[in-house]
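Chain letters run A, B, ... following the sequence lines, proteins first, then strands; residues in each count from 1.
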Amino acid sequence: MAFPQPKPQPPQLPQHLLRTIDCQQGAVRAVRFNVDGNYLLSCGSDKSLKLWSVGRGTLLKTYSGHGYEVLDADGSYDNSQLCSCSSDKTVILWDVATGQVTRKLRGHAGKVNCVQFNEEGLVILSGSIDGTVRCWDTRSRRNEPIQVLDEARDSISSLKVAQHELLTGSVDGRVRRYDLRMGQLHVDFISSPITCVCFSQDGQCTLSSSLDSTVRLLDKSTGEMLGE
Amino acid sequence: MKDGWTPSTFVSSRQQKADKHHARPEDFMDEEDFSEHGIAPREITTSQEFSSSRRDEAAEKARAVSAQAALIPGDTLLEELIAPARLSIGIELLRKMGWKEGQGIGPRVKRKPRRQLKEGPSKVYSCSVPPTGSEESEDEDGEFAPQNVTFAPKDVTPVDFTPRLGVQGLGYRGLDPGLALLGRAADEHIDLFRPQSETRSRLFGDRQSSSRRGGVAGQAFGVGALEEEDEDVYHRDSMSRYDTILGEEEPGDGLYGWTAPQQYTKKRDRSKDALYLGKILEGFTLAQKPLEEKTIFPPPTLPRDYRPVHYFRPQVDVTRLSGVSSALAEALKTSRGHMVKEEPQPVGRHQLDSGQRRALLGEDALKGPSSVMDLLRPEDRQRLLSFRNSSAQKSCTADTSRAPPPGPALPPSGLQQQQEALAAWKGSSSSQSFKPFENNPSKQARYEVYLSQLRLGDGDALEQSLDPTMTEWERSREREEFVRSSILYRPSSSSLSSRFTRAKHQEDEDTVEVSQDQEGDVDDKQAAVKMKMFGKLTRETFEWHPDRLLCKRFNVPDPYPGSGLVGLPKVKRDKFSVFNFLTVPESREMAAPPKPLEPGKRSRWDVSEQNKEKKNEDPLSELLSDARNQTEPKAPGLSSSTCNSDLTSGNKSEAEVDKKAKNDEEVEEEEKEERPPMDLFKAIFAGSSDEKSSSSSEGESDGEEGEKDAKEDEGKMDTEPIKLFAISSSSVATSSSVVTPSLHTEAAVSSQKSTQDAEEFGPKLPPPSAAVDRGGATSTYPPEEDERTSRKSKEKKHKNKKLKHKKEKKKKKHKKHKHKGKQQLKSKKEESGSSSEDSKEDEEDVQVSTDELLRRLKSIRTPQMW
């Protein structure tokens, strides 16, 4: 090809509203896409979890079984399972098709703020207001978590799992990154309580938002701030 | 409803050959057949097993009659013999209890000697011929029975209560076909109680008594043509055939009938009742005590003028009676306790807060720090105060809180209360919701004025709020009430704040599972964040051990294969230990607990507040950090000196000394001025137990603890210094030299030891000579020895325990606060006892190589021999 490729457009932030869904479940505590982005999970304060089709905007299923408002949810990579966490201190593993509760995981001492599957959907990680992250095995019938990460001194507000890394943001103003492969824990101190943490797309950086109304982009390996 | 029998559809039984299907007769029966009147009624009946041995009498009789009529008379006998023995449950039970067929039921009895005496010589049979011979023979056996042999009671043939069906009179016997056919002696004793007796005896065929004679016989029937004898044609009744005396039947002979014999009616004795049981079933015992008889008390007699309606006595409200003299009111008050408005109006049980309920119940207040100020060291407090005074904004509040308000009539306790109220309300912005004086609007208004002034921090709020027109007495009353209610109904935030402590690894935990690499000083980081110097300053990296299963699930190789650890590796380290302080210079700052003024105390979510307060606080924290810097360099010297003073004073349990001798500077300083409160010690020792046992064993702390509990058993404190120094590394040795001059000679020895041991790394053992020194005090070692044997096995369990412990730790944190309060109550003695227990537990978990164990054992054993 003689012609040079046209210069790729820089990615643009989405600016137009595609669809509005009235969830009718009170305050919506969290909305989560599934893995491929075709489905949507909405966590309502009316104790229900709803599954929506993004393309059509229709309600596919309602999952009810929580005892209090649902705070976060996640879908497994194969769309076969859902997990959700609630103020009722439980994490529930759902079967997507039947809408039945597969497992109800109790153990947190307070409401569970965030929950996520790991990449293979074998472990559910849940962060709670009690300052712990609990790693639940979806395979075994054990009711105890595999491991409890209780390094945080305050509520865990956010949690993200990458391949072998777990990123947690806590109200004690620290972003913790657990590296399973290296067996290390990196703690970045960001003074202000963390509200949300995220990995960057390339997995090189972490993004963390905090209550001092800033979002910080930190280099994952060194902890240096790249942007604010 | 199906009609009749329908054949079941064909089902291939090829597969079901294994489980053959048997057609039962029921399968071919109609449904009607199972109904009540069908062929095979299905109803619930007593199964034969449980039915009483008295079977259907009619059937039995019929059978017996037919047997009699049969050609071979004893025909059924054979049948009964052959028939499988099927006993009812009742009989089986009786057999288990030692009953034998033919015996009566009841306690074994002795033959009456009276009877033997009476009947033995005379041997005259009474007129009444017993119906069966068997009983008689038994009686005869009884004659020769020795005194101390008991016999089972005779079998009681039950009385048959068959209703009289005929219209004839009593004792009338009509024509008896059996008698007519078989022929029988009619002369027989008439037993009123057993009308059937003769039929029965006839059925059982005692034919020996009479000659067979046929023909019809009976009353009201003449002599038949075939009869030769005409005796007894007309029935003549003779009195001899009746019993003339009642109750003369011998109680022993078992014919109790239904008039219970005297023996049972008269002396009904509980023990006899128990004897009645005979042999007792296996697994059961007789109750030693007879059951308590329920005493039933008669209800109290009601007074004559009692009306079952409650009416309230009109209460005298002293406050309202303005005309009443104060003396009278006072008298009234004392006479009725706190009649007047202590609880200004009946409050619903659920509206009371815990403090009010406590007051109502008369319990003690929880002993927690009531304010942040209490947590501070005195001199810090002073500094804070002075700082506050100098700062212009709110100096007045601090001043007035100290200065006695000019309230004239208040007793000192009232003054104190007033201040308490002030402390509680000051600064609280909550709009007061509870209105204690609602029924008295003006008073309530005055109270609210008082409260609002309290909130402003006004010391003499009370005086200002009171109505000057009131009498002196009224005012003093109201003053008291206001103060009290303001304390009672103080805003919940203040009462709550006194009950909460800070999270996790803060200063309130006295022994900390220090992470191997601790998170560094927050202040530095804070500064770094402020300067936006993220990176090295804010980044900390720890060794973290993921669970093996977790690695597997994440499809990641275990980074630390073979390590049993999970989570952050922990070091068992006393927070106040010399080693923290001296050997690891960079960990010193961490060992020093953060000051309570750190922003952690507030909820971290409310940022706006935080920002506001930051301005106020920043100089404060600087001040504090300054203070810390000043005190730090001095600390080692301080610690050792205080250590000395403690040791020489000798009045403290050695466990305390042990802890205290270690280095936390703050505690040391506090000690200099005053003994720290008991709960501090409590917290130390309670905390140390779990925390230590959980964590993995690190060399130095192990050695230390191994020794520790060896000694804590002794309960002697003069050995303490040895322990401290014997295990120390070289750096400690230098510090020990500072101490030695003031110590006893033992210390000198120990310091030598420490230098000897300086080369040795890893878990230090108690040097033999140290052990010998200790030996003087050793008297109680047995618990130790027990542990020695079990220690090895425990080591295996160690890993499991650790896991478990994590959870325990969690729980503990929640409980901690409560814990402290409780422990305060305990005496010091208990404390030392518990600490030694704790340390024992520690030892179980200590991981030491077997060689070292052996060596240690030797060193311990020697003093024992010695």
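Contacts between A:Leu125 and chain B at a heavy-atom distance below 4.5 Å involve the side chain alone, from C-beta outward. There is no contact between A:Thr214 and chain B, counting heavy-atom distances below 4.5 Å. For A:Val161, the part sitting under 4.5 Å from any heavy atom of chain B is the side chain, from C-beta outward, and nothing else. Heavy atoms closer than 4.5 Å to chain B are found in the side chain of A:Leu218, but not in its backbone. With a threshold of 4.5 angstrom between heavy atoms, A:Gln184 approaches chain B through its backbone and through its side chain. Using a 4.5 Å cut-off between heavy atoms, B:Phe554 contacts chain A through both its backbone and its side chain.
Here A:Ile129 pairs with A:Lys111, A:Asn113, A:Ser155 under the side chain to side chain contact (heavy atoms under 4.5 Å, CB included) rule; sequence neighbours left out. Taking A:Arg106 as the reference, A:Thr90, A:Lys104 meet the side chain to side chain contact (heavy atoms under 4.5 Å, CB included) condition, with sequence neighbours excluded.
Within the model, atoms NE2 of A:His164 and CG of B:Leu550 stand 12.5 Å from one another, a figure rounded to the nearest 0.5 Å. A:Glu224 contributes atom CD, which lies 9.0 Å from atom OG1 of B:Thr538 (distance to the nearest 0.5 angstrom). Between A:Asp137 atom CG and B:Leu549 atom CG the span is 5.0 Å, to the nearest 0.5 Å.
For the pair B:Arg553 (side chain) and A:Ile146 (backbone), a donor-acceptor distance under 3.5 Å is absent. Side-chain atoms of A:Tyr178 do not come within 3.5 Å of backbone N or O of B:Trp544 as any donor-acceptor pair. At least one donor-acceptor pair under 3.5 Å links the side chain of A:Gln147 to the backbone N or O of B:His545.
At least one side-chain heavy atom of B:Pro557 sits under 4.5 Å from a side-chain heavy atom of A:Arg181.
Within 6.0 Å of the NZ atom in A:Lys220, the count of heavy atoms belonging to other residues, nucleotides or ligands exceeds 12. Atom NZ of A:Lys160 is surrounded by more than 12 heavy atoms from other residues, nucleotides or ligands within 6.0 Å.
With respect to chain B, the highest number of heavy-atom pairs below 4.5 Å among A:His186, A:Arg139, A:Met225 belongs to A:His186.
Annotation for B:Pro546 and A:Gly183: closest pair CD-CA, 4.2 Å, computed over non-hydrogen atoms.
When each of A:Val187, A:Val175, A:Asp188 is tested with B:Arg539 by the rule side-chain contact (heavy atoms from CB on, under 4.5 Å), just one qualifies, namely A:Asp188.
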